Visitor: 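Just passing along the structure, written as structure tokens.
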There are 2 protein chains.
Amino acid sequence: MDDIDRTLIGLLQQDATQSYATLGTAVGLSSGAAHERVRKLRERGVIRRTTVDVDPVAVGRGVLAYVMIDGTTWMGDTQQALAAIPEIEEAHVIAGPASLLVKVRATTTQDLQLILRKLFDIHGVAKTQTIVALETFFERPVHIPTPPGADGPIPG
Amino acid sequence: MDDIDRTLIGLLQQDATQSYATLGTAVGLSSGAAHERVRKLRERGVIRRTTVDVDPVAVGRGVLAYVMIDGTTWMGDTQQALAAIPEIEEAHVIAGPASLLVKVRATTTQDLQLILRKLFDIHGVAKTQTIVALETFFERPVHIPTPPGADGPIPG
DNA sequence: CGTGAAATTAAGCCCCT
DNA sequence: AGGGGCTTAATTTCACG
């Protein structure tokens, strides 16, 4: 994982449709070398997958909310129960004013209400606090940091 | 935007490297027809871009936090001030216990501290409450809903 | 559907260890 | 000597009009 790899990742985040020849030129390598580097980044799991970024509003998911969930002890299947609700985009165990935080995209506020009801059906869920997003300034990919000095493997 | 389009979007979310021939087969269309549909989805902005999903830990961003920001009136350049901090992945205006919510990925907790300090430097920021994610159950793409009946354009 | 570009693989070379 | 990474080149597949 050197600077060239990081640059390649950044370029692919911006546009994963460009050719390896283009990528190679951008980092001063041949098409083949760029291809090989990207292949290894995928192999190592640094690049998890190539995907498309979809406009939530355009597919009818205009309502964004974060729900903080308070509850008792979590069963082992809490994660599955959350994953079973397709409108939940993220789920995290948190330290702070609650024990779980989930990101929800609903079609309407009525739909959001329905999803909250589903959350309460999960065993252990006692209380929720919902934060509705009124406007999204931006949502963007992970920023690739520049490591201080070394070129070695990054912790993780 | 019909069922075929939605299926195509779902397939591309899973793997945007597959060929149009494969996509076409999956939805019962020719390669060319699938290609044309995807092209239009891009044109309409339903598909914003093709990108790569990067493992945050593998690139040295193992600390995830959400920061709720309380403050006075927001200047027009609040959005720019937030966007200028690369560690901020999302920024939303919210209804609820604060006025802004941002998603932050830091390399270490020390780094997180630094970013919080940067937030306070933004004009209008009075108080922050930080939620640290201890474990992420999952993070996944927007779910494409199946509309009730019609095949018409979706609100948005 | 054909044409041209791009992905992908193979072979050979150089540098660093 | 050996390994890794690069370039070049050949082959196959795919994008796209």
Side-chain angles (χ1 to χ4, degrees), chain A residues 1-55 58-59 141-156, chain B residues 1-61 140-142 144 151 153:
Chain A
M1 171 70 76
D2 58 8
D3 272 330
I4 293 182
D5 280 341
R6 278 184 285 273
T7 304
L8 286 173
I9 292 172
L11 290 169
L12 287 172
Q13 282 179 328
Q14 293 178 299
D15 177 12
T17 67
Q18 58 196 308
S19 73
Y20 290 113
T22 305
L23 290 171
T25 302
V27 298
L29 288 179
S30 72
S31 152
H35 186 276
E36 177 66 6
R37 277 182 178 257
V38 173
R39 191 193 64 73
K40 284 183 182 167
L41 286 169
R42 289 185 205 277
E43 190 185 55
R44 291 179 211 149
V46 178
I47 294 176
R48 287 166 169 161
R49 63 173 164 179
T50 302
T51 183
V52 289
D53 177 30
V54 173
D55 179 4
V59 295
V142 196
H143 176 254
I144 312 296
T146 315
D151 252 7
I154 285 180
Chain B
M1 172 72 74
D2 58 9
D3 272 331
I4 293 182
D5 281 341
R6 278 183 286 273
T7 303
L8 286 172
I9 293 172
L11 290 169
L12 287 172
Q13 281 179 327
Q14 292 178 299
D15 177 12
T17 68
Q18 60 196 308
S19 71
Y20 291 114
T22 306
L23 289 170
T25 302
V27 298
L29 288 179
S30 73
S31 154
H35 188 278
E36 178 65 7
R37 281 191 179 248
V38 174
R39 191 193 63 75
K40 284 183 182 164
L41 286 169
R42 289 185 203 277
E43 189 184 56
R44 290 180 213 146
V46 178
I47 293 176
R48 289 165 170 163
R49 61 171 166 180
T50 303
T51 182
V52 289
D53 177 28
V54 173
D55 178 4
V57 175
V59 295
R61 289 245 184 258
R140 60 189 180 193
V142 197
I144 313 295
D151 250 7

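Numbers restart at 1 for each chain; the letters A, B, ... are given by sequence-line order, proteins then strands. As the structure is a prediction and not an experimental result, all values here were calculated from the model.
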Visitor: How does protein contact run along nucleotides 5-11 of chain D, one letter per nucleotide 5' to 3', with B for base contact, S for sugar-phosphate only, - for none, heavy atoms under 4.0 Å?
Guide: SSBB---
Visitor: Who are the ring-ring contact (aromatic ring centres under 6.0 Å, His included) partners of B/His35, not counting sequence neighbours?
Guide: B/Tyr20
Visitor: For A/Arg37, what residues pass the side-chain hydrogen bond (donor to acceptor under 3.5 Å, both in side chains) criterion, not counting sequence neighbours?
Guide: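 By the side-chain hydrogen bond (donor to acceptor under 3.5 Å, both in side chains) rule, A/Arg37 matches A/Asp2, A/Asp5.
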Visitor: A/Thr51: what forms a side-chain hydrogen bond (donor to acceptor under 3.5 Å, both in side chains) with it, not counting sequence neighbours?
Guide: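 Partners of A/Thr51 under the side-chain hydrogen bond (donor to acceptor under 3.5 Å, both in side chains) test: none.
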Visitor: Pull out every residue in residues 15-25 of chain B that has a heavy atom closer than 4.0 Å to any atom of DNA chain D, ordered by number, or say none.
Guide: B/Ser19, B/Tyr20
Visitor: Scan for salt bridge (charged side-chain N to carboxylate O under 4.0 Å, His left out) pairs involving residues 12-32 of chain A, sequence neighbours excluded, and state none if there are none.
Guide: none
Visitor: Which residues pass the side-chain contact (heavy atoms from CB on, under 4.5 Å) test with B/Thr7, sequence neighbours left out?
Guide: B/Leu11, B/Val27
Visitor: Which value, rounded to the nearest 0.5 Å, describes the distance between B/Ile4 atom CD1 and B/Leu29 atom CG?
Guide: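 Taking CD1 in B/Ile4 and CG in B/Leu29, the distance rounds to 4.5 Å.
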Visitor: Can you name the residues that form a side-chain contact (heavy atoms from CB on, under 4.5 Å) with B/Ser19, not counting sequence neighbours?
Guide: B/Ala21, B/Thr22
Visitor: First and last nucleotide of DNA chain C in contact with chain A, 5' to 3', at under 4.0 Å to a heavy atom: what are they?
Guide: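 So the outermost contacting nucleotides come out as C/dA6 to C/dT8.
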Visitor: Which residues pass the side-chain hydrogen bond (donor to acceptor under 3.5 Å, both in side chains) test with A/Glu36, not counting sequence neighbours?
Guide: A/Arg39
Visitor: A/Arg39 has an atom CZ; how far is it from atom C1' of D/dG4, in whole Å?
Guide: 13 Å
Visitor: Taking side-chain hydrogen bond (donor to acceptor under 3.5 Å, both in side chains) as the definition, give me every residue that meets it alongside A/Ser31, ordered by chain and number, with sequence neighbours left out.
Guide: none
Visitor: Using side-chain contact (heavy atoms from CB on, under 4.5 Å) as the criterion, list what pairs up with A/Arg48, not counting sequence neighbours.
Guide: B/Asp53, B/Asp55, B/Pro56
